[in-house]
Amino acid sequence: MHVLSTAAQVRAALAPLRRAGRTVALVPTMGALHPGHLSLVRLARECADVVVVSIFVNPLQFGPGEDLTAYPRDLDGDLAQLDPAGVHLVFAPGAGAFTPPDRHTVVTVTGLSTVLEGASRPGHLDGVTTVVAKLLGVVQPDFAVFGEKDYQQLVVLRTMVADLDLGVELLAAPLVREPDGLALSSRNAYLSARERRQALALSAALAEVRVTWDGDADRARSLLASRLRSAPGVRPDYAEVVDPETLAPLHGMVTGPARALVAAGVGRTRLIDNVGLQTLNRHPGPRRSADHQDRHDAHAGAPSMSAPPRLTELPPVVALALAEDLDAAGDLTSLATVDEGLLVSGAVVARAAGVAAGTQVAAAVFAAVGVDVAVVLPDGSALAVGDAMMTVAGPARAVLTAERTALNLLTHLSGVATLTARYVAEVDGTGAVIRDTRKTLPGLRLLEKAAVLAGGGVNHRFNLSDGLLVKDNHVVAAGGVGPATRRALAAAGDLPVQVEVDSLEQLDEALNAGAIAVLLDNFGLNDLPAAVARCRAAELAVFVEASGGVSLETVWAIASSGVDAIAVGALTHSAPALDLGLDL
Ligand code: AMP
C-alpha cells in the first residue's frame, strides 16, 4: 500500500495502472476510520481493480467554532486498518497545500446545500463539494464511494457529478451501526459513556419510525421530533421526512420511498442519523378518526414492538464464555506448545456462504485477551466462501486461547443471520417481513436479535415488559379471547398489544374486543386468506402476523396470503452454525 501526500505523486502512481486498463475507485474520508469506512472500502474493492482512500480532515467543511482542531486524527491506526483491507493507495494531503488560503474556487450545489445540514452548518456542504471535486480531479476515479450515513452529502454529490458531467459513478454504501443501533461515526469518540447511552435516542427514534411507517409523513415527522425532544441529554436540531432524491419535505400520505433524517446535539457532540422508509403494512386501511388514530398509535401494530437491541455494553456473555474455557491454570496446551513471545496474525474466514453477525462480540472476545482485532465484514455483510470477516494479530497463545470462544459466538450468530436472510429472500416481493420470537438461547437474546436484524429480519419483543402479547394460556386464564384482549388493552398504556388467535372465531372475538394487532397461530394455508380478509375489513388497520408451521418450504405461501409479518421461532432456536474458521 502506497501512502502519498501530493496530487502529483498520486497521478504518477495511478498513470501506469490506468494505462494497463485498471479501473480505480476512490473512497474519500476524514480518517479516524471505523468499520463504516471499511464497508466503503469493501464496496470499492468489489467494483474496481484499484482502491484509493483519501484521508483529509477538510477544513473547508468546518464552520467557525466547530470541532476542526479536536477532530480525531490517527493516521497510523488508519493505515493499519487499510493495509489488510486491500487498499492500494492512500492519499493523505497536508491541509495547507490541499486547501491553500489563496484559492478562488468554491463548488456550490444550490438549493440542496442550504437545507437540513446546510441550514444548521452554513457553508459546510460547499466545503464538502469543493474538496470532493478536487479529489475527483486528482484521482480521476471510475467510481467514488460514499456512505448513506451522510445521506444529504450523498444527494448533493450526486447532483454535482451529474450537473458538471464529471464522468464518475457514485456508489452508496449502507449505513453501518453498532449492535445497539448507534450509527458508527468518528465523532462517537467524543461521547462519554452516559452520552453514548443518550445518543441511542436518535437511532431508536428512527427505528421506531421505520417499523411503524405507514406512509403518513407528518405522523412520522412528529413522532421523531417528540421522541428526540423527550430524550434526556438530547438537543434536537432537525427531524425530517423527505423525498430521498430531492430532499424536499414530504407531507400527507406518501406511497413511494421516503427518508427520515435527524440531527441532534449530545453533550458537545453533534450527531446525525437517517433511515430509509418503505411501507410495511400494505393495507393501511381507511383514514382513521383522531380517536382511533391515537389508540392505534398507542397499541399499534406489532411492528412498534420492534426496536434495535439495547446492547449498551459488552454483554456479560463474553466473560462467561471465556470463563467456561479458562480457569486459573489457563490454556495448558498453548502454554506447553507455543513460545511465549511468538506473535501471529490471521483472519476469521468464511468456509460457507452466509451473512455476518456477532462480529462485535467476537472481536470483544479477542480484545479481552489482548489480541488486536479489526472487523473487515461487519454484521449484515454477505459472506462468500473464502472471505475474511475479521483480522487478528497478537500473541499466539492469546489468539489460540480465544479462538474457540470467538468462533462459537460468530458461527452461531452468523448462522442466525444466514437463516434469517434465507427466509427474507423466500418472501421477497410479498411485502411480508420476517420476525423473530422469544425462543432464544438463554443469555444470548440481544445478540441473537441483532443477528436477525443483520439477516434482514425484524425484531419482535425483547422481553415481557416490552409489549403485551396475549397467548393461548392467557386466554384460558382470563376466560376467553374477548376478556383477555380487553384486559390487556386496558392495562397497556403506551405499549403495543398483540393477540394470538388460533381460529376464525377467536379472531372475530379479538377484533370485536378492539385488537389492532393479531397473531394467527397455526392457521393453515386454507384459513389464512379468510383471516387476512377479515382483518383488512376491520375499521382500523389491523397488523396481521402468522406463526406456527413456518418453514423455508411453507413461508412463501404463508406470506402470499397477505399477512404483514411472519414470526419464525426457528431463526433463533434452530439455526445451524455457519462454517467459519480461523486461518493463521
Ligand atoms: P467521514 O470520514 O466521516 O467524512 O466519512 C467518510 C465516508 O464514510 C463518508 O462517505 C461517510 O458517509 C462514510 N461513513 C461514515 N460513517 C459511516 C457509517 N457508519 N456507515 C456507512 N458509511 C459511513
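Numbering of ligands and ligand atoms starts at 1, following listing order. Just so it is clear, the model here is predicted, and its values are computed rather than measured.
Ser186 and His37 make their closest contact through OG-CE1, 3.5 Å (heavy atoms, listed as atom of the first residue, atom of the second, distance).
Close approach to Phe146 involves these atoms of ligand 1, each under 4.0 Å from a residue heavy atom: 10 (O). Proximity to Leu184 (heavy-atom distance under 4.0 Å) selects the following atoms of ligand 1: 16 (N), 17 (C), 18 (C), 19 (N). Distances below 4.0 Å separate heavy atoms of Pro28 from the following atoms of ligand 1: 6 (C), 7 (C). Interface atoms of ligand 1 facing Leu175, defined by a heavy-atom separation under 4.0 Å, are 20 (N), 21 (C). Those atoms of ligand 1 that come under 4.0 Å of a heavy atom in Gly147, given as number and element, are 9 (C), 10 (O), 11 (C), 12 (O), 13 (C), 22 (N).
Checked by atom type and distance alone, the side chain of Ser345 never pairs as donor or acceptor with a backbone atom of Val392 at under 3.5 Å. With Asp49 contributing its side chain and Thr23 its backbone, the two residues share a donor-acceptor pair below 3.5 Å. With hydrogens and angles ignored, the 3.5 Å screen pairs a side-chain donor or acceptor of Thr114 with a backbone N or O of Gly111. Looking at Gln140, its side chain never comes within 3.5 Å of a backbone N or O of Arg11 through a donor-acceptor pair.
Contact between His34 and ligand 1 is present, with at least one heavy atom of the residue lying under 4.0 Å from the ligand.
For atom 23 (C) of ligand 1, the closest heavy atom belonging to the protein is Lys149 CB, 3.6 Å. Nearest protein heavy-atom neighbour of atom 21 (C) of ligand 1: Pro174 O, 3.4 Å. Among all non-hydrogen protein atoms, the one lying nearest atom 1 (P) of ligand 1 is His37 NE2, 3.6 Å. The single protein non-hydrogen atom nearest to atom 4 (O) of ligand 1 is Met30 CG, 3.4 Å, given as residue, atom name and distance.
Between Arg121 and Asp237 no salt bridge is recorded (no basic side-chain N to carboxylate O distance below 4.0 Å).
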Output, in order, the C-alpha distance, side-chain angles, deciding distance and verdict of side chain to side chain donor-acceptor pair (under 3.5 Å) for Glu448 and His412.
CA-CA 9 Å; Glu448 289 185 341; His412 171 61; 2.6 Å; yes

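Taking any N or O of Val176, backbone or side chain, at least one lies under 3.5 Å from an N or O belonging to ligand 1. Considering both main-chain and side-chain atoms, Leu40 never comes within under 3.5 Å of ligand 1 through any nitrogen or oxygen pair. Residue Asp150 has at least one nitrogen or oxygen atom sitting less than 3.5 Å from a nitrogen or oxygen atom of ligand 1, judged on distance alone.
Checked by atom type, the side-chain pair Glu117/Tyr238 shows a donor-acceptor distance below 3.5 Å.
For the pair Arg270 and Arg187, the minimum side-chain heavy-atom distance is 4.5 Å or more.
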